[in-house]
**Student:** 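Following this message is one structure expressed as structure tokens.
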Amino acid sequence: MNSENAGMAGVVVGLDVGGSKTRGMVWRGGAVAADATVGSANVQNVSAATAQANMAELFAALDVHGAATVFAGAGGIDTDADAAALRNLIAAQVPGAAITVVHDTRLLLAAAGASTGVAVIAGTGSAAWGVNAAGGQVRAGGWGYLLGDEGSGYWFGREAVRHSLHRMDRDLPADGLTTALLARCGLSQPRELIAHFHQGTTRRYWAATSPVVFDAAAAGHARALELIDLAGRDLAGMAVQVARQLGLAGPIVLGGGLGSNQPPLQDAFRRHLAAAGLTDVRVLDKDPILGVPLLVAGAPRR
């Protein structure tokens, strides 16, 4: 048994319900017994029917016999009603189990081995959450793609579209970023992006186009470089707000699909945090679901 999981008695199910995928793990006596991933079961991102089907598929792939505890982290858990909706979706798969639902930023902080600090997610969406030693909690961002999600994969995809359309309106030829975006979308000219964006595409689709911005930046594209800096600034701004409200100097943990895997974004994030006097910054190098044991056990760790 891993010593980090020593406080996990019985059968525990952990879930990370993201915007693009849902991962589930089962621990038996502290040891991992099952691990599976399916499509998103988050009703903020997919229909209720799709979420239900994906959740059923996930549990069918996991041996949850005897599970008494389920701990789930998900984006978009902003109200008791949000938590109750996901709890009901899970309860149908594990009748009688005690189910805890939290915002997925809590998984991220715990996966970094910290019981206090600030977690920042830059994935399909973006958000920050923190907790201090007194148990005070603060959230920033996480408003969804229509109101915010700055620095997220969706934000990068949308900004690449906006850049391309602004050039079109000024009768400028397609540049490297636009050309790469059109190729990614299977389109031939910038004007087609308008209908393509509004008709039949999803948040997940546009989040998946974000690599074209980082590729363009690596080639020296000025606007792509600006976008990465803007994203780092906005993500750092959320972290600074949470840290100051909680009286924390760190750690600040960056995770999510973009946050954990794009060094240019990590560099911009660190740079803007340093300008605000925050230097205890960590990039999550493991899946957030691995924070479940710490959360379930409630072990003090810093």
Side-chain angles (χ1 to χ4, degrees), residues 4 16 18-19 73 75 102-143 148-156 207 210-211 213-214 217-218 224-295 299-302:
E4 293 183 354
D16 182 5
V102 299
H103 196 273
D104 53 0
T105 42
R106 293 192 65 180
L107 296 183
L108 194 152
L109 188 64
S115 57
T116 63
V118 180
V120 179
I121 285 184
T124 302
S126 66
W129 171 86
V131 60
N132 60 22
Q137 300 181 34
V138 171
R139 279 267 311 281
W143 303 341
D149 277 355
E150 293 88 347
S152 68
Y154 174 86
W155 180 89
F156 273 106
S210 60
V213 177
F214 290 91
L225 289 166
E226 288 177 1
L227 289 175
I228 293 171
D229 186 66
L230 285 171
R233 182 200 68 186
D234 289 340
L235 293 169
M238 289 192 290
V240 170
Q241 176 185 324
V242 171
R244 286 178 175 166
Q245 285 181 261
L246 291 171
L248 293 169
I252 311 295
V253 181
L254 177 64
L258 286 183
S260 290
N261 296 294
Q262 289 291 355
L265 180 60
Q266 297 163 9
D267 291 343
F269 182 69
R270 290 180 186 275
R271 185 170 63 254
H272 285 286
L273 283 174
L278 296 174
T279 57
D280 184 0
V281 183
R282 310 173 190 178
V283 174
L284 191 66
D285 60 358
K286 62 182 69 173
D287 197 299
I289 199 171
L290 297 176
V292 167
L294 180 61
L295 291 169
R301 182 181 297 258
R302 182 64 192 264

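Just so it is clear, the values below take in all heavy atoms, side chains as well, and ignore hydrogens, waters and symmetry mates. As the structure is a prediction and not an experimental result, all values here were calculated from the model.
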**Student:** Start with the C-alpha distance between Val281 and Gln266, add both sets of side-chain angles, then the distance that settles side chain to side chain contact (heavy atoms under 4.5 Å, CB included), and finish with yes or no.
**Tutor:** CA-CA 10 Å; Val281 183; Gln266 297 163 9; over 6 Å; no
**Student:** Would you give me the side-chain donor-acceptor pairs under 3.5 Å for residues 229-238, sequence neighbours excluded?
**Tutor:**
residue : atom : partner : partner atom : Å
Asp229  : OD1  : Arg271  : NH2          : 2.6
Asp229  : OD1  : His272  : NE2          : 3.0

**Student:** Stepwise, does the side chain to side chain contact (heavy atoms under 4.5 Å, CB included) test hold for Val120 with Phe269?
**Tutor:** CA-CA 10 Å; Val120 179; Phe269 182 69; 4.0 Å; yes
**Student:** Name all pairs fulfilling the side-chain hydrogen bond (donor to acceptor under 3.5 Å, both in side chains) condition that reach into residues 251-264, sequence neighbours left out, sorted by first residue then second.
**Tutor:**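 Qualifying pairs, neighbours excluded: none.
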**Student:** Partners of Ser126 by side-chain hydrogen bond (donor to acceptor under 3.5 Å, both in side chains), sequence neighbours excluded?
**Tutor:**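 In terms of side-chain hydrogen bond (donor to acceptor under 3.5 Å, both in side chains), with neighbours along the sequence ignored, Ser126 is linked to no residue.
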**Student:** Between Gly151 and Ala122, what is the shortest heavy-atom contact and its length?
**Tutor:**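 Shortest heavy-atom contact: O-CB, 3.8 Å.
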**Student:** Closer than 3.5 angstrom, by distance alone: can the side chain of Arg139 be matched with the main-chain N or O of Ala127 as a donor-acceptor pair?
**Tutor:**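 The answer is no, because no donor-acceptor pair under 3.5 Å joins these two groups.
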**Student:** Kindly list each side-chain donor-acceptor pair under 3.5 angstrom involving residues 130-138, sequence neighbours excluded, with atom names and distances?
**Tutor:**
residue : atom : partner : partner atom : Å
Asn132  : OD1  : Ala134  : N            : 3.1
Asn132  : OD1  : Gly135  : N            : 3.2
Asn132  : OD1  : Gly136  : N            : 2.8
Asn132  : ND2  : Leu246  : O            : 3.2
Gln137  : OE1  : Trp129  : NE1          : 3.2

**Student:** Looking only at heavy atoms, which two atoms of Ala239 and Ala128 are closest? And how far apart?
**Tutor:**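 For Ala239 versus Ala128, the nearest heavy atoms are N-CB, 4.4 Å.
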**Student:** Let me confirm one number: the CD1-CG distance from Ile289 to Asp104, rounded to the nearest 0.5 Å.
**Tutor:**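 Going from the CD1 atom of Ile289 to the CG atom of Asp104 covers 11.5 Å.
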**Student:** I'd like to check the side-chain hydrogen bond (donor to acceptor under 3.5 Å, both in side chains) partners of Gln241; sequence neighbours left out, ordered by chain and number.
**Tutor:**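 For Gln241, the residues satisfying side-chain hydrogen bond (donor to acceptor under 3.5 Å, both in side chains) (neighbours in sequence not counted) are Gln245.
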**Student:** Any side-chain heavy atom of Leu258 within less than 4.5 Å of one from Ser210?
**Tutor:**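 The answer is yes; the side chains approach within 4.5 Å.
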**Student:** Indicate yes or no: at least one non-hydrogen side-chain atom of Ile252 is less than 4.5 angstrom from one of Asp280.
**Tutor:**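 No, side chains not in contact.
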**Student:** Who are the side-chain hydrogen bond (donor to acceptor under 3.5 Å, both in side chains) partners of Thr105, not counting sequence neighbours?
**Tutor:**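 Counting only residues at least two positions away or on another chain, Thr105 forms a side-chain hydrogen bond (donor to acceptor under 3.5 Å, both in side chains) with His103.
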**Student:** How close do Ala217 and Ile228 get, counting heavy atoms only, and between which atoms?
**Tutor:**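 In this case the closest contact between Ala217 and Ile228 is CB-CD1, 3.5 Å.
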**Student:** To the nearest 0.5 angstrom, please state how far the CG atom of Asp287 sits from the CG atom of Leu108.
**Tutor:**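 Reported to 0.5 Å precision, the distance equals 9.5 Å.
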**Student:** So how far is it from Leu227 CG to Trp155 CH2, rounded to the nearest 0.5 Å?
**Tutor:**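 Separation between the atoms: 5.0 Å.
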**Student:** So Arg282 and Leu284, side chain to side chain contact (heavy atoms under 4.5 Å, CB included) or not? Walk me through it.
**Tutor:** CA-CA 6 Å; Arg282 310 173 190 178; Leu284 191 66; over 6 Å; no
**Student:** Just one of Leu254, Leu248, Leu278 clears the side-chain contact (heavy atoms from CB on, under 4.5 Å) bar with Val118, so which one?
**Tutor:**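 Of Leu254, Leu248, Leu278, side-chain contact (heavy atoms from CB on, under 4.5 Å) with Val118 is met by Leu248 alone.
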**Student:** Locate the shortest heavy-atom distance separating Ala140 from Val242; write the atom from each residue and the value.
**Tutor:**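 Closest pair (atom of Ala140, atom of Val242, distance): CB-CG2, 3.7 Å.
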**Student:** The test is side chain to side chain contact (heavy atoms under 4.5 Å, CB included); show your working for Thr279 and Leu273 and say whether it passes.
**Tutor:** CA-CA 7 Å; Thr279 57; Leu273 283 174; over 6 Å; no
